[in-house]
Amino acid sequence: MTTVDDVRAVIPNADPEQVKKVLALKKKAWPYTFRAERDLVALRAKLEATFQPGEKGNAPGSKSTKRYKIAGRLASKRGSGGIAFLDVEGQDGKLQAILDKFEMGDAAFDAALHLLNAGDWVGIAGYGMRSKRGEPSIGAEKVTLLAKSLVPLIDLRTADNPELRYGKPYIGLMQGPDARRVLVQRARITQVVRQTLEKDGFLDVAIPVLEKVYGGANAKPFTTKSNAKDMTMYLRISHELALKKLLVGGLERVYHVGPAFRNEDIDTTHNPEFTLMECYAAYWDYNNMMRLTEKLFQKAVAAINGGSLQLKRPDGTILDFANFQTITMKDAIKSHSADTPDAVTWWTEHNKAPMGAGMAPGLDVDEMTDGDIQRILARHDVVIRGGYARGLGIAKLFEVFAEAKLMQPTFVIDHPKETTPLCKAHRKDPSLVERFELFIAGREHANSYSELNDPYAQAKAFSEQEARRFAGDDEAPPTDQDFVDALSHGMPPAGGLGIGIDRMVMTLLGLDSIKQVLPFPQMK
RNA sequence: GGGUGAUUGGCCUAGCUCGGUUAUGGCAGCGGACUUUUAAUCCGCUGGUCGGGGGUUCGAAUCCCUCAUCACCCGCCA
């Protein structure tokens, strides 16, 4: 015979009063199944349309005498003498159940109210009705405890404790349909991304998480050890190299949505593991990928925004996904550095234009010396690990002057070649590569290349990265000789695209922390 | 990596600056009242020794040391 003390010995937080109730139920305490309506929101709407306030479905000659069964978590219990109100909360919304002492009988009524507490899972069988105040309800004929909560329901409206909110995600999710909606909409977004890719003929392929060599991005990896092979292995930092090897093998359009791992610090936009979508299409370049990117975002926005491409943010600004902007990196630096003190200083030094106050055109990197760039970066305390290179300096100028200002969906194109070793040179300017990044709300959301498929150029790019590693850039990836070998067998021309799904969800839902879109975020 | 602040019953919280009789209030819980509530309301009750350890003192939630956990800011993360 189990006692309250037995339970408390292993579940110290358990409320003795609730444990007593469970033990008294004996074998009936934890039932196995319950058939119930799936959609309480729809049922609530239906009852509202069917009945007038105060009208009950068990009255003789009622419009609808249909019986219903509903189930959910008991969110609130309100007694008022011989009548009691239960808020039964399903995943997406709640429906009220009403217990009437005259109808149920004293014993059943008192027993049900005593047994149930907020937080319990409950099943209700009864008829449709509306309360005198008009609330659509189920008039309870039978009440079943489906599962007891042994600890009190925590109300985060008053208990704003981050340890509870993020350390125990179920506590946060229990707070109501709104708390769960983010995860529901996140699922919608990834579903739409997958559907859109599938429709365009992209094949969902399995790729390894554990790798002998990591690559495809600049990041510090997590390491682990394989006992079977007695060697250090790495958790992938991107999906890029594996997917491209499949292009070599003859798969023409491939994608993967899954986690990538980066051993870096945690903040509002970075989690050590995050969900990355990457896709590659043979015979495409970055222009084709821009069109695909637009489509992916437009379909996702439409899916969560009632079909509209004008997405209103919490601060009132409208993001217009109907019209994506395009700007080169150099032009972005120029237009967004206009009238900054740095631009005024530079133009004055070079005596390039008659200077009125606040009239400086932006920085024109093609006219700037390396010294000019380094001076300005130094003024902004920007350090380039592994040493200065002109292209990296230009990329830093973009970060300093332009990145945060790109609110509307904007493709920034044609980066300096030093920024990436995996991208084809620009067909019109060898100092650039055919790359774009999509910026929305000041954050990077997508990254795409006309993929480099010349094995010799790839090998050389790898050795330049190695040089940077030796010079102190601990995020420069090592050479992946296996990848060079793959390219030597011939990879078709291809476009590639990567999208950080967590950030995409954040932006589309108007949230400002990655913790809010992850059910299990890492805490610092 | 640096700095600041916090830790009081299941949850939130007062008290701590200028140490002193049985540690404040709310939510939840338990009991009672009420047949139409919407975080219902009203009355009563149970529950904590104040994050762990050490020290100062006649006496510490209140002062000191230490450990732990957490938060915030800065740095780092194209």
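Everything numeric in this text was worked out from a predicted model, so none of it was measured.
Straight-line distance from the CD atom of A:Glu17 to the C1' atom of B:G10: 14 Å, rounded to whole Å. Note: CG (A:Leu74) to C1' (B:A28) measures 13 Å, nearest angstrom. For A:Phe85 and B:U36, the CZ to C1' distance is 4 Å, given to the nearest whole Å. Counting to the nearest Å, the C1' atom of B:G32 and the NZ atom of A:Lys101 are 12 Å from each other. Rounding to whole angstrom units, NE2 of residue A:His114 and P of B:G29 are separated by 11 Å. Rounded to whole angstrom, the span from the NZ atom of A:Lys77 across to the C1' atom of B:G29 amounts to 10 Å. Between the CG atom of A:Leu153 and the P atom of B:G29 there is a distance of 9 Å, given to the nearest Å. At whole-Å resolution of the value, CG in A:Leu392 and P in B:C77 are 13 Å apart.
The side chain of A:Asn13 lies closest to B:G10 when the candidates are B:G10, B:U36, B:C30. Comparing B:C77, B:U36, B:C30 against the side chain of A:Glu264 picks out B:C77 as the nearest. Among the nucleotides B:G10, B:C30, B:U36, the one closest to the side chain of A:Ser131 is B:U36. With distances taken from any side-chain atom of A:Ser80 to the nucleotides B:C30, B:G10, B:U36, the minimum falls on B:U36.
Base-pair partner of B:A14: not found among the strands shown (Watson-Crick or G-U wobble, both distances under 3.5 Å). The nucleotide B:C77 finds no pairing partner, because no Watson-Crick or G-U wobble arrangement with both distances shorter than 3.5 Å includes it. A 3.5 Å limit on both hydrogen-bonding distances identifies no Watson-Crick or G-U partner for B:U46. Of all nucleotides present, none satisfies the Watson-Crick or G-U wobble test against B:U56 with each distance under 3.5 Å. Under the Watson-Crick or G-U wobble criterion, with both distances below 3.5 Å, B:A68 is paired with B:U7.
Counting all heavy atoms, side chain and backbone alike, A:Arg130 lies closest to A:Leu47 at CD-O, 3.8 Å. The nearest pair of heavy atoms linking A:Ala179 to A:Gly172 is CB-O, 3.2 Å.
Counted by atom type alone, A:Arg443 and A:Thr269 present zero donor-acceptor pairs between their side chains at under 3.5 Å. In this model, a donor atom of one side chain and an acceptor atom of the other lie less than 3.5 Å apart for A:Ser137 and A:Gln96. In summary, the side chains of A:Thr3 and A:Asp5 do not present any donor paired with an acceptor at a separation below 3.5 Å, with no hydrogens or angles considered.
Among the protein residues, A:Gly79 comes within range of the nucleic acid bases, having at least one heavy atom under 4.0 Å from a base atom. In this structure, A:Asp15 reaches the sugar-phosphate backbone alone: every heavy-atom distance under 4.0 Å involves primed, P, OP1 or OP2 atoms, never a base. Nucleic acid contact for A:Glu437: none, since no nucleic acid atom lies under 4.0 Å from a heavy atom of the residue. Among the heavy atoms of the strands lying under 4.0 Å from A:Ser76 are primed sugar atoms or P, OP1, OP2 only; no base atom is included. Contact annotation for A:Lys94: no contact, since no heavy-atom pair falls under 4.0 Å across all strands.
The side chain of A:His270 places no N or O atom within less than 4.0 Å of a non-bridging phosphate oxygen (OP1 or OP2) of B:C76. OP1 and OP2 of B:U36 both lie 4.0 Å or more from every side-chain N or O belonging to A:Gln96. At B:G29, one or more side-chain N or O atoms of A:Asn117 fall inside 4.0 Å of OP1 or OP2 (strictly under the cut-off). Between A:Lys20 and B:G29 there is no side-chain N or O to OP1 or OP2 distance below 4.0 Å.
For the pair A:Asp100 and A:Ala118, both in contact range of RNA chain B, the more 5′-proximal nearest nucleotide belongs to A:Ala118.
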side-chain contact (heavy atoms from CB on, under 4.5 Å) between A:His114 and A:Glu17, worked out: CA-CA 10 Å; A:His114 174 256; A:Glu17 298 288 346; 5.8 Å; no
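Counting heavy atoms from C-beta on, the side chains of A:Arg78 and A:Asp87 come closer than 4.5 Å.
You'll find the ring centres of A:Phe398 and A:Phe439 inside the 6.0 Å limit.
The C1' atoms of B:U21 and B:G15 are separated by 16 Å, rounded to the nearest whole Å. Going from the P atom of B:C27 to that of B:U41 covers 8 Å, rounded to whole Å. Look at the C1' atom in both B:C50 and B:U22: the space between them is 15 Å, to the nearest Å. Of the C1' atoms belonging to B:G10 and B:U46, the separation is 14 Å, rounded to the nearest Å. B:C70 and B:G54 are spaced 23 Å apart, taking the C1' atom of each and rounding to whole Å. Comparing B:C58 with B:G48, their P atoms are spaced 31 Å from each other, to the whole Å. Nucleotides B:U62 and B:A23 are separated by 15 Å at their P atoms, to the nearest Å.
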